[in-house]
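To keep things clear, I will list the structure first and then write my remarks on it.
Given the structure is predicted, the values throughout are model-derived calculations rather than measurements. Just follow the structure's listing: the first ligand is 1, and inside any ligand the first atom is 1.
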Amino acid sequence: MSTDTRAAAPEVRISGIDPHWWRQAAVYQIYPRSFADADGNGIGDLQGIITRVPYLAQLGIDAVWLSPFYPSALADGGYDVDDYRDVDPKIGTLEEFDQMVAALHAEGIRVVVDIVPNHSSDRHEWFRQALAAEPGSPERERYIFRDGTGPEGAEPPTDWTSIFGGPAWTRVPDGQWYLHLFAPEQPDFNWANPEVRADFLKTLRFWSDRGVDGFRIDVAHALTKDLTDPLPSEAELDAIPRDAGQHPIWDRDEVHEIYAEWRRVFDSYDPPRTAVAEAWVERHRRPRYASAEGLGQAFEFDLLTQEFDAAAFKDVVVDSLSLAAESGSSSTWVLSNHDVVRHATRYGLPPLPETVGTTEQDRKQGAAWVLAGAPEDQLDREKGERRARAATLFELALPGSAYLYQGEELGLHEVGDIPDEARQDPTFFRSPGVDKGRDGCRVPLPWSSTGLTFGFGSSSAHLPQPQWFADYAVEAQERVDGSTLEMYRAALHLRRELQTDETLEWIETGRDDVLAFRRPGGWVTVTNFGEDDAALPSGEVLLASSPLVGGRLPGATTVWLRESQS
Ligand code: NOJ
């Protein structure tokens with residue numbers, strides 16, 4: 001592992017220390033490998049981010065969240081971490097990380113990094129030591145090793161399936177098996193081991209000392225596990241309720257002891273470091289993760305699992321705001337991220353055919369559309385983009401923080417036709433080949449309309465970019481009236497001016513397919529989820545996701561207004 005180079009860390013130059021900056025922040029997710037490639041090796045890097053800081057500043061975001069940039073063989077796009085306290089040499093160096101933080105802070109942009117505590121990679125020093133050591137050794141106790149079942153222990157300890165498909169146990173040469181909820185290259189840590197706990201505290205301090213402002217916690221609900229023998233079968237495991245804090249794997253009550261310890265670390269900094277949990281838990285269990293004694297915020301994924309539908313959106317907003325109030329946190333809103341089909345595409349596809357047999361969760365996330373190959377011939381691009389812009393303006397007007405995913409500001413669609421030989425996502429390999437995986441939302445960004453990689457890097461891009469990227473490039477949209485990029489810029493800047501406290505008041509519209517709400521100061525948002533145009537309340541139009549027609553609000557459009565004072 002790298003040595004602590006804390007002394008080299010630059011001074012934090014962000015102006016104004018507001019401990020609540022995160023409550024209503026617009027956070028832009030950078031998937032570093034696909035953002036901008038300065039050294040031309042086909043993989044995005046930290047220098048690439050540095051060169052694009054002016055773009056990020058102009059966009060009007062408050063923070064960036066960087067998906068993992070740590071040393072990794074990229075078995076799961078970097079969520080297989082070899083060393084938690086270093087930068088992948090393919091992406092940069094710790095010194096460049098410091099430069100990047102300084103450059104972002106100089107523009108008032110905070111930095112959130114991803115922490116992956118459920119599993120390391122199989123190349124992590126500790127896992128190598130575990131393999132070299134005996135069964136029952138302290139080295140193996142950092143992970144979850146078990147003897148197999150059946151003659152000579154040749155069968156795995158249980159029949160559990162990993163999240164990415166295939167068995168959740170892999171056998172090592174001496175015959176033992178280790179648990180991996182995800183890919184075999186991602187062995188699960190044993191969080192009952194104090195060494196594991198201590199090491200993550202060290203990692204949190206390492207990045208906090210380097211000026212990082214917050215953390216996104218991967219699979220936050222799976223760290224603590226009850227793996228007392230006899231272990232249940234998969235069918236038995238599935239039958240255990242997940243909403244009572246006692247499931248052997250998911251969302252156990254005692255996971256919060258870990259976060260209480262982390263909170264003490266976060267609060268030892270000024271301003272306190274923030275954290276947001278990626279925890280796919282039952283809705284009523286979310287506030288525990290978001291509490292002030294815990295991580296402080298938890299992702300709200302319910303909006304991204306909805307169709308473009310007024311009633312569905314309103315239900316989620318009402319529910320999420322009440323859950324946020326319960327925890328004392330603010331709500332978070334997400335329409336796209338690196339794990340789901342981009343929202344411009346989701347909203348442009350016909351309803352999923354019942355014949356696509358996937359789990360309910362997959363269907364909701366749109367992952368099922370990836371399974372079906374995100375069928376380009378069934379995609380209505382214009383409809384998807386129009387709805388996506390409307391949904392985005394709706395989202396950005398809500399109280400709470402909004403998490404945006406790189407490329408959504410360009411209205412980018414999922415890339416549905418990546419050749420099999422170019423695919424990287426482990427879900428593709430472990431299904432095998434049936435589930436197309438998440439590569440389609442991870443294709444390197446188009447910065448210019450021409451050139452080998454549309455301005456991403458000099459010669460190649462690690463995933464192939466389609467020709468239609470030319471029309472979506474930053475270059476094609478900058479200063480173009482009505483472009484998606486200019487809409488995002490305008491919305492993000494206006495939002496800063498308009499946002500006050502975290503309250504919202506619904507306005508009766510007389511239509512089931514039109515939602516309207518008011519924020520303090522007379523900021524009114526109206527979204528028409530239907531097809532027939534709708535009347536607008538009186539006021540000054542500040543921004544619209546599509547042009548108004550004859551002073552009325554057309555279908556699939558959101559408008560922001562400043563209410564007339566009467
Ligand atoms: C959630 C991350 O968002 C996803 O990309 C990753 O594959 C899994 N956690 C495993 O780390």
## Note on the structure
Exactly one candidate in Phe189, Phe127, Trp169 meets ring-ring contact (aromatic ring centres under 6.0 Å, His included) with Tyr178; the answer is Phe127
### Query
Counting N and O atoms only, with roles assigned by atom type, does the side chain of Arg442 sit under 3.5 Å from a partner on the main chain of His338, one being a donor and the other an acceptor?
yes
### Approximate separation, where rounding is to 0.5 Å, of His343 NE2 and His413 NE2
10.5 Å
### Salt-bridge contact Arg85-Asp199 (side-chain N to carboxylate O under 4.0 Å)
yes
Short N or O contacts of ligand 1 with protein, under 3.5 Å, listed by atom name?
{"residue": "ligand 1", "atom": "3 (O)", "partner": "Arg216", "partner atom": "NH2", "Å": "3.0"}
{"residue": "ligand 1", "atom": "3 (O)", "partner": "His338", "partner atom": "NE2", "Å": "2.8"}
{"residue": "ligand 1", "atom": "3 (O)", "partner": "Asp339", "partner atom": "OD2", "Å": "2.5"}
{"residue": "ligand 1", "atom": "5 (O)", "partner": "His338", "partner atom": "NE2", "Å": "3.0"}
{"residue": "ligand 1", "atom": "5 (O)", "partner": "Asp339", "partner atom": "OD1", "Å": "2.7"}
{"residue": "ligand 1", "atom": "5 (O)", "partner": "Arg438", "partner atom": "NH1", "Å": "3.4"}
{"residue": "ligand 1", "atom": "7 (O)", "partner": "Asp76", "partner atom": "OD1", "Å": "3.2"}
{"residue": "ligand 1", "atom": "7 (O)", "partner": "Asp76", "partner atom": "OD2", "Å": "2.6"}
{"residue": "ligand 1", "atom": "7 (O)", "partner": "Arg438", "partner atom": "NH1", "Å": "3.0"}
{"residue": "ligand 1", "atom": "9 (N)", "partner": "Asp218", "partner atom": "OD1", "Å": "2.8"}
{"residue": "ligand 1", "atom": "9 (N)", "partner": "Asp218", "partner atom": "OD2", "Å": "3.2"}
{"residue": "ligand 1", "atom": "11 (O)", "partner": "His119", "partner atom": "NE2", "Å": "3.0"}
{"residue": "ligand 1", "atom": "11 (O)", "partner": "Asp218", "partner atom": "OD2", "Å": "2.7"}

### Message
Would Tyr84 and His124 count as a ring-ring contact (aromatic ring centres under 6.0 Å, His included) here? Give the steps.
### Response
CA-CA 9 Å; Tyr84 290 87; His124 189 284; 5.8 Å; yes
### Message
Closer than 3.5 angstrom, by distance alone: can the side chain of Asp80 be matched with the main-chain N or O of Leu74 as a donor-acceptor pair?
### Response
yes
